[in-house]
Amino acid sequence: MPMNTGLGESGLDLSVILPTRGRSVLLARALRRLASQSLGRDRYEVLVGLDGPDEESEHAAAWVAAATGAPIRVVPCARLGIAGVKNELLRRARGRSVLFINDDIIPERGFLEAHVAAQAEALTRTGGAMALGDSRFVPGAPDSAMDRLVRETSMVFFYDRMDASGQRDDRWHDWGFRHAWNLNLSAPREAVLAVGGFT
C-alpha cells in the first residue's frame, strides 16, 4: 500500500535521503560536501535519519548545519533498520525527487545538480525514471581492483551489462532492479511512495 505523505508541492527539486548509525566522522564529511554543492540551497534539503539513539552523529549533523547554513534536518528514529529509516525520511521529504546516498559518500561539487538535471531530463523523456550515478570508491584516484570489479563484472552490482566506456547512449534503457542500488540513486518522490517505499 502506498504511503500517504499529506505533503503539498514545496518547490524543492531534491530531498537527499541519508540514513546513518554510529559513523559521525563519515557523516560530517559527507554533510560538509553536501553543504558546498553548486545547486542552490533553496532547491534541496538533506534529511539525516538516525537509526536509533546516536548522540555523536546528531551533534555532527547539527554542527555542520550551523557552521554552513546548509538545509540539513536531523530525524531521530527508533531502531528501524535502514529500510525503516528510509521510509521515515520519505514521509518527511519535500522535494520532487529523492536521492538516496550512504553516509560514507564524498560527493563532488556538481553532484546534486547532476541528479536534478537527470530527473528533469527523465521527466521530459519518459515521464520519470531512476537515475543511477557513478560511484568510484575514491574520487579522482586511478581505478582500483574494486572499481573494476564493480564496473566490469556481475560479481557485485551487475554494472558490467551497462556501457562503462560511455560509447553507447543507453541512459534511458530499463536496466532492471539489479542496478538500483541505493548508493547514488535518484527517483521521483511520488514514484517511490507509490510502490510503498522500502521493505
Asker: Starting from the C-alpha separation in whole Å, work towards a yes-or-no answer on side chain to side chain contact (heavy atoms under 4.5 Å, CB included) for Thr20 and Leu50.
Answerer: CA-CA 5 Å; Thr20 190; Leu50 304 177; 3.6 Å; yes
Asker: If we ignore hydrogens and angles and just use 3.5 Å, is the side chain of Gln37 paired with the main-chain N or O of Leu112 as donor and acceptor?
Answerer: yes
Asker: Ignoring hydrogens, what is the shortest heavy-atom contact between Ala28 and Ala60? Give both atom names and the distance.
Answerer: CB-CB, 4.1 Å
Asker: May I ask you to decide if Arg33's main-chain N or O and Ser36's side chain share a donor-acceptor pair within less than 3.5 Å?
Answerer: yes
Asker: Stepwise, does the side-chain hydrogen bond (donor to acceptor under 3.5 Å, both in side chains) test hold for His115 with Asp13?
Answerer: CA-CA 10 Å; His115 273 283; Asp13 291 312; over 6 Å; no
Asker: Can you tell me how far the SG atom of Cys77 sits from the CG atom of Leu89, to the nearest 0.5 Å?
Answerer: 5.5 Å
Asker: Measure the spacing between CZ of Arg92 and OG of Ser15 and express it to the nearest 0.5 Å.
Answerer: 12.5 Å
Asker: Taking atom CG of Leu18 and atom CZ of Phe100, what is their separation to the nearest 0.5 Å?
Answerer: 11.5 Å
Asker: Distance check, rounded to the nearest 0.5 Å: Glu58 atom CD versus Leu27 atom CG?
Answerer: 11.0 Å
Asker: In terms of hydrophobic clustering (I, L, V, M, F, W, Y; side-chain heavy atoms under 4.5 Å; direct or indirect links), are Ile72 and Trp63 co-clustered?
Answerer: yes
Asker: Which heavy-atom pair separates Arg41 from Ala70 by the least distance, and what is that distance?
Answerer: NH1-N, 3.6 Å
Asker: With hydrophobic residues grouped by side-chain heavy-atom distances under 4.5 Å, do Val64 and Val74 end up in a single group?
Answerer: yes
Asker: How many angstroms lie between CG in Leu39 and CZ in Phe111, if you round to the nearest 0.5 Å?
Answerer: 11.5 Å
Asker: Minimum heavy-atom separation for Ile105 and Ala30, please, with both atom names.
Answerer: O-CB, 3.4 Å
Asker: Can you run down the salt bridge (charged side-chain N to carboxylate O under 4.0 Å, His left out) pairs that involve residues 17-31, sequence neighbours left out, and say none if there aren't any?
Answerer: Arg23-Asp103, Arg23-Asp104
Asker: Ignoring hydrogens, what is the shortest heavy-atom contact between Tyr44 and Ala35? Give both atom names and the distance.
Answerer: OH-CA, 4.0 Å
Asker: Closest heavy-atom contact between Ile101 and Pro19?
Answerer: O-CD, 3.6 Å
Asker: What heavy-atom pair brings Ile17 and Leu90 nearest, and what distance separates the two atoms?
Answerer: CD1-N, 4.2 Å
Asker: Strictly by salt bridge (charged side-chain N to carboxylate O under 4.0 Å, His left out), give each pair with a member in residues 68-83 just once, sequence neighbours left out.
Answerer: Glu45-Arg73, Asp51-Arg79
Asker: Measure the CG-NZ distance between Leu80 and Lys86 for me, rounded to the nearest 0.5 Å.
Answerer: 13.0 Å
Asker: Given 3.5 Å as the limit, does a donor-acceptor pair link the side chain of Gln119 with the main chain of Ser186, or not?
Answerer: yes
Asker: Is there a donor-acceptor contact under 3.5 Å from the side chain of Ser97 to the main chain of Leu14?
Answerer: no
Asker: Would Val98 and Val75 show up in the same hydrophobic cluster when neighbours are defined by side-chain heavy atoms closer than 4.5 Å?
Answerer: yes
Asker: Kindly indicate whether the side chain of Leu12, heavy atoms from C-beta on, has any atom under 4.5 Å from the side chain of Arg43.
Answerer: no
